[in-house]
Number of protein chains: 2
Amino acid sequence: MEQNLPKFESVFSIDCVIFGFENGELKILLIERNEEPFKDWKALPGYIVKQDESLDDAAERILYELTGLRGLHMEQFHTFGDVDRHPQGRVITVAYYALLRLNGQKELKPLSAIAKTAFWHPVNELPKLGFDHSEIFKTGFNKIRRRLGYQPIAFELLPEKFTLTQLQSLYEAILNKKLDKRNFRKKMLSYGFLKELDEKQKGVSYRAAKLYKFDRRKYSKIFQNELNLDS
Amino acid sequence: MEQNLPKFESVFSIDCVIFGFENGELKILLIERNEEPFKDWKALPGYIVKQDESLDDAAERILYELTGLRGLHMEQFHTFGDVDRHPQGRVITVAYYALLRLNGQKELKPLSAIAKTAFWHPVNELPKLGFDHSEIFKTGFNKIRRRLGYQPIAFELLPEKFTLTQLQSLYEAILNKKLDKRNFRKKMLSYGFLKELDEKQKGVSYRAAKLYKFDRRKYSKIFQNELNLDS
DNA sequence: ATAATATAGTGTAGTTTCTACACACTATAT
DNA sequence: ATATAGTGTGTAGAAACTACACTATATTAT
């Protein structure tokens with residue numbers, strides 16, 4: 001730090017709100033803390049940014065160290081900076097979210113001693129979280145809901161090939177309300193960015209559903225005008 | 001700062017993107033800097049957060065010190081934290097925006113020596129700004145456009161009593177496109193949160209238009225369900 | 001083979017919202 | 001009285017949204 005800037009004793013952290021979807025249930029990634037403050041509490045994966053890394057890089061690194069997950073596309077959604085939000089001093093935190101396909105394969109394994117464990121927890125009936133993490137989660141969840149209306153985020157939560165029923169139940173989980181099956185399908189298909197595959201669901205004990213794929217290229221073609229708000 | 005937290009040499013700042021509307025033109029508040037770096041450049045009003053103030057408080061104070069404006073309702077919209085965004089060290093900045101009625105009355109007068117002057121500038125043909133402020137502005141402008149669709153932000157930019165034509169030209173300035181007069185009026189009035197007054201525009205050399213008022217109470221009644229995403 | 005079960009997949013009619021579009025009205029200035 | 005400049009209004013066609021119920025098909029059990 002050079003001369004001109006005043007000293008400011010502060011810490012910068014990142015907290016991550018990571019959503020996953022499995023068995024028709026929306027889940028969030030939590031850790032159990034192994035360090036004071038809030039030792040043994042449940043909390044969002046989060047830690048301190050290093051001097052020479054960008055926020056986005058820090059988010060990726062921290063998530064990896066605390067949960068073993070990496071390569072997610074994370075986006076910041078809010079910065080929390082109340083003076084007393086951290087019991088040990090001034091800590092300003094930038095909250096990020098990401099969405100992740102859960103296929104039971106991905107192992108959660110904290111590399112750092114800060115987290116005892118990392119685990120998925122249904123977004124309903126969340127336990128009390130350390131710090132102001134309950135509020136951070138709530139803010140993040142609301143952002144996601146909003147974004148669901150104008151960005152193709154649902155597909156990040158589903159496997160590459162999915163059925164329309166799975167897609168619908170994801171929407172229902174995020175929006176927390178029932179949708180009409182026929183209208184939902186009609187609308188989704190009318191957008192034109194879902195590609196019907198020649199394949200069907202396997203391993204179910206009833207009529208197998210057709211599988212679909214999200215066609216990102218078609219999506220961007222269709223919505224390039226809408227998103228292109230830069231004048 | 002207590003013992004447990006690692007030292008992090010950093011500075012926290014706030015930058016403000018303040019929109020105003022006057023004579024059918026959308027403007028933004030800039031300062032001319034009187035300090036290195038970027039001395040004599042134009043920039044967004046922004047400065048460093050103090051140790052013991054919250055982000056929201058800092059935003060309000062900094063705007064006041066650099067421009068003489070206060071009491072605005074400001075909201076953060078993004079945090080910029082690239083390692084090299086500031087030439088003198090690690091400075092992470094939280095960007096805020098606000099909207100303001102311009103009636104020519106409000107005087108701009110920097111109290112701090114950091115700003116030589118503060119002035120309004122049309123959002124079109126913006127000059128080059130110091131730091132990454134051009135990017136910050138662009139991000140903020142896009143947020144505003146989005147928000148215009150689902151939040152009653154336009155009314156913060158208009159005088160308390162306004163005509164439908166003024167309202168429309170504000171929408172056109174923000175969205176940067178022409179709207180159909182009849183459809184615009186039909187839609188706005190159909191929401192039911194505009195209160196028609198028994199008063200008309202004065203001082204124009206043509207048929208005077210009816211004045212309207214935004215009825216915030218009606219608005220919140222109508223939209224309480226929509227906004228109430230908290231489950 | 002047959003039946004039971006569990007989910008997939010499909011269409012329509014009524015309603016609401018969106019879009020495109022043109023002219024008469026009124027206050028002021030000359 | 002007339003020119004000017006912006007106000008204020010309606011409608012028809014298209015598109016999107018809503019509510020709603022039954023048949024089709026794969027699997028499993030008998």
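- Take A:Phe38 and apply the ring pair (Phe, Tyr, Trp, His ring centres under 6.0 Å) test, not counting sequence neighbours, and it matches A:Trp41, A:Phe131.
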Every protein N/O within reach of nucleotides 18-23 of chain C N/O, cut-off under 3.5 Å:
from   : atom 1 : to       : atom 2 : distance (Å)
C:dT19 : O4     : B:Lys186 : NZ     : 3.2
C:dA20 : N7     : B:Asn183 : ND2    : 2.9
C:dA20 : N6     : B:Asn183 : OD1    : 3.2
C:dA20 : N6     : B:Lys186 : NZ     : 3.4
C:dC21 : N3     : B:Arg182 : NH2    : 3.2
C:dC21 : N4     : B:Asp180 : OD2    : 3.4
C:dC21 : N4     : B:Arg182 : NE     : 3.4
C:dA22 : N1     : B:Arg182 : NH1    : 3.4

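- At whole-Å resolution of the value, CG in A:Leu189 and C1' in C:dG9 are 11 Å apart.
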Identify all pairs in which a protein N or O lies below 3.5 Å from an N or O of nucleotides 24-30 of chain C, and state each distance.
from   : atom 1 : to       : atom 2 : distance (Å)
C:dC25 : O2     : B:Arg207 : NH1    : 2.8

List, one per line, each side-chain donor-acceptor pair under 3.5 Å for residues 190-199 of chain B, sequence neighbours excluded.
from     : atom 1 : to       : atom 2 : distance (Å)
B:Ser190 : OG     : B:Lys187 : O      : 2.7
B:Glu196 : OE2    : B:Lys210 : NZ     : 3.2
B:Glu199 : OE1    : B:Lys161 : NZ     : 2.9
B:Glu199 : OE2    : B:Lys161 : NZ     : 3.3

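- Of the options B:Ile62, B:Ile114, B:Thr67, a side chain to side chain contact (heavy atoms under 4.5 Å, CB included) to B:Pro45 is made by B:Thr67 and by none of the others.
- For A:Arg185 and C:dG9, the shortest distance from a side-chain N or O to OP1 or OP2 is below 4.0 Å.
- For the pair A:Arg146 and B:Tyr150, the cation sits on the ring face: its NZ or CZ lies under 6.0 Å from the ring centre, inside 45° of the axis.
- A:Phe184 places its CZ atom 15 Å from the C1' atom of C:dG9, with the value rounded to the nearest Å.
- Judged purely by atom type and a 3.5 angstrom limit, A:Arg101 uses its side chain to pair as donor or acceptor with the backbone of A:Leu158.
- In this structure A:Phe80 satisfies the ring pair (Phe, Tyr, Trp, His ring centres under 6.0 Å) test together with A:His78, sequence neighbours excluded.
- In this structure, B:Leu211 places its CG atom 9 Å from P of D:dG8, rounding to the nearest Å.
- Applying a 4.0 Å cut-off to non-hydrogen atoms, none of the residues of residues 158-175 of chain A approaches DNA chain D.
- Partners of A:Phe19 according to the ring pair (Phe, Tyr, Trp, His ring centres under 6.0 Å) rule, which considers only residues two or more places apart in sequence or in another chain, are A:Phe141.
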Report the C-alpha distance between B:Tyr171 and B:Phe184 in whole Å, list the side-chain angles of each, state the deciding distance to 0.1 Å, and finish with yes or no for ring-ring contact (aromatic ring centres under 6.0 Å, His included). CA-CA 10 Å; B:Tyr171 269 77; B:Phe184 180 81; 5.4 Å; yes

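- For A:Lys143, there are no salt bridge (Lys or Arg N to Asp or Glu O under 4.0 Å) partners at least two apart in sequence or on another chain.
- A straight line from CG of A:Leu179 to C1' of D:dA19 spans 14 Å, rounded to a whole angstrom.
- In this structure A:His73 satisfies the side chain to side chain donor-acceptor pair (under 3.5 Å) test together with A:Glu75, sequence neighbours excluded.
- Not counting sequence neighbours, B:Tyr64 has no partner by the ring pair (Phe, Tyr, Trp, His ring centres under 6.0 Å) test.
- Between B:Gln201 atom CD and D:dA5 atom P the separation is 16 Å, expressed in whole Å.
- Taking atom NZ on B:Lys210 and atom P on D:dT9, their separation rounds to 5 Å, with Å as the unit.
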Based on Watson-Crick and G-U pairs with both distances under 3.5 Å, what dot-bracket line describes DNA chain C 5' to 3', crossing pairs as [ ] and inter-strand pairs as |? ||||||||||||||||||||||||||||||

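- Among residues two or more places apart in sequence or in another chain, the side chain to side chain donor-acceptor pair (under 3.5 Å) test is passed with A:Thr93 by A:Ser13, A:Asp15.
- Separating the CE atom of B:Met188 from the P atom of D:dT9 is a distance of 17 Å, rounded to the nearest angstrom.
- A salt bridge does not link B:Lys177 to B:Glu172: none of the charged side-chain nitrogens sits closer than 4.0 Å to a carboxylate oxygen.
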